[in-house]
Amino acid sequence: MKKDFLCIADSNADEINEILARGAFMKKELLKGNKSMGSLKGKSIATLFYENSTRTKNSFENACKFLGAEVTSISAATSSIQKGETLIDTGITLDAIMTDAIIIRHSMAGSPKILADNVKASVINGGDGMHAHPTQAILDMFTMKEYFGRLEGLEVAIIGDIKHSRVARSNIVGLLMMGANVKVYGPNTLLPIDCEKLGCKVCKDIDEAFKGSDVVMGLRIQLERQQRGLFPSLSEYTKFYGITKDRLTMSNKGVIVMHPGPVNRGVEISHEVFDMEVCVKDEQVTNGIATRMALLEMLLTR
Ligand code: CP
């Protein structure tokens, strides 16, 4: 394993399988109530978040604690970043206070790579701009594998704002690498121009997205983009692109509905589906701890 974990494309299927397998072990321990595995005792880990987060930041911090590592939380709002300190200088400072790993989220694509190239600590990308969110893809693949026992041949539909979604990009790369079939659907204004070049199928209508799918994944509509006229209105978005109980009847038996969160309830997913067992959004969050524990352990004991 390399020093850093920056995007799924830097990994390979063997490495991803190893993270998923170790994640399964971690999940079993967590479900037994074991929150004090000591494999990272003596390690010091920092979360460096320049953008808001609930799931990624807190699940990484719990993962660190459950493995026995010390964790320092640095928020852009209260650190010397506010006084103009650069990303690289912040990273060098974290090296100087003996940090073994830095988990970074930044609005600028490529920031984790810049940091990784300039620090001794391992760097994990917790989401950079529209580029990548590799640990979200890992936890999503883990969740699919947990439900279906495989990724190979799985039919996965991703619906919504593909263009601005680092989650979609990382999942497409990861799922294709693991042998799943991926199709996407959304408003034309929210699909990348060269979407097919990513290797996934672009559906021509909503029925095609739902038909024959094992997994239907919704993506957060970034409400700030509505002001730019990229889709007409929230109610029309729901009408044309929403995940509803009726539409799920076209999908395969045992279909699951996924969403990386945060969810706009009743927009990407209908209120009814949101509360159904097929919607595994909370399982995804728990799986985020288990898989992040696996990844941290593998990076820091490599
Ligand atoms: N899925 C995800 O990245 O959620 P947060 O923004 O809450 O971390």
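If you read the sequence from its start, that first residue is 1, and numbering goes on from there. Atoms within each ligand, like the ligands themselves, are counted from 1 in listed order.
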Going through the distances and angles, do N287 and E146 end up as a side chain to side chain donor-acceptor pair (under 3.5 Å)? CA-CA 10 Å; N287 291 341; E146 198 174 45; 3.2 Å; yes
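- A salt bridge does not link K211 with D205: every distance from a Lys NZ or Arg NE/NH1/NH2 to an Asp or Glu carboxylate oxygen is 4.0 Å or more.
- Regarding atom 2 (C) of ligand 1, its nearest protein heavy-atom neighbour is T56 OG1, 3.6 Å.
- Scanning the protein for heavy atoms near atom 4 (O) of ligand 1, the closest one is R55 NE, 3.1 Å.
- The shortest separation from a heavy atom of H133 to ligand 1 is under 4.0 Å, placing the residue in contact.
- Comment: E297 engages R22 in a salt bridge, judged by a side-chain N to carboxylate O separation of less than 4.0 angstrom.
- I256 CD1 to Q284 CD: the interatomic distance, rounded to the nearest 0.5 Å, is 7.5 Å.
- When only interatomic distances are considered, the shortest N/O to N/O separation between P262 and ligand 1 does not fall below 3.5 Å.
- Salt bridge present: K32 and E29 bring a charged side-chain N and a carboxylate O closer than 4.0 Å.
- Protein heavy atom at the shortest distance from atom 1 (N) of ligand 1 is P260 O, 2.8 Å.
- Using a 4.5 Å cut-off on side-chain heavy atoms (C-beta onward), R166 and H131 make no contact.
- Contact check on E283 versus K27 returns a salt bridge, with a Lys/Arg side-chain nitrogen under 4.0 Å from an Asp/Glu carboxylate oxygen.
- Close approach of ligand 1 to T54 (heavy-atom distance below 4.0 Å) involves ligand atoms 5 (P), 7 (O), 8 (O).
- Atoms of ligand 1 lying under 4.0 Å from any heavy atom of Q136, numbered from 1 in the order shown and given with element: 1 (N), 2 (C).
- Heavy-atom proximity to G261, at under 4.0 Å, picks out these atoms of ligand 1: 1 (N), 2 (C), 4 (O).
- Scanning the protein for heavy atoms near atom 6 (O) of ligand 1, the closest one is R105 NH1, 2.9 Å.
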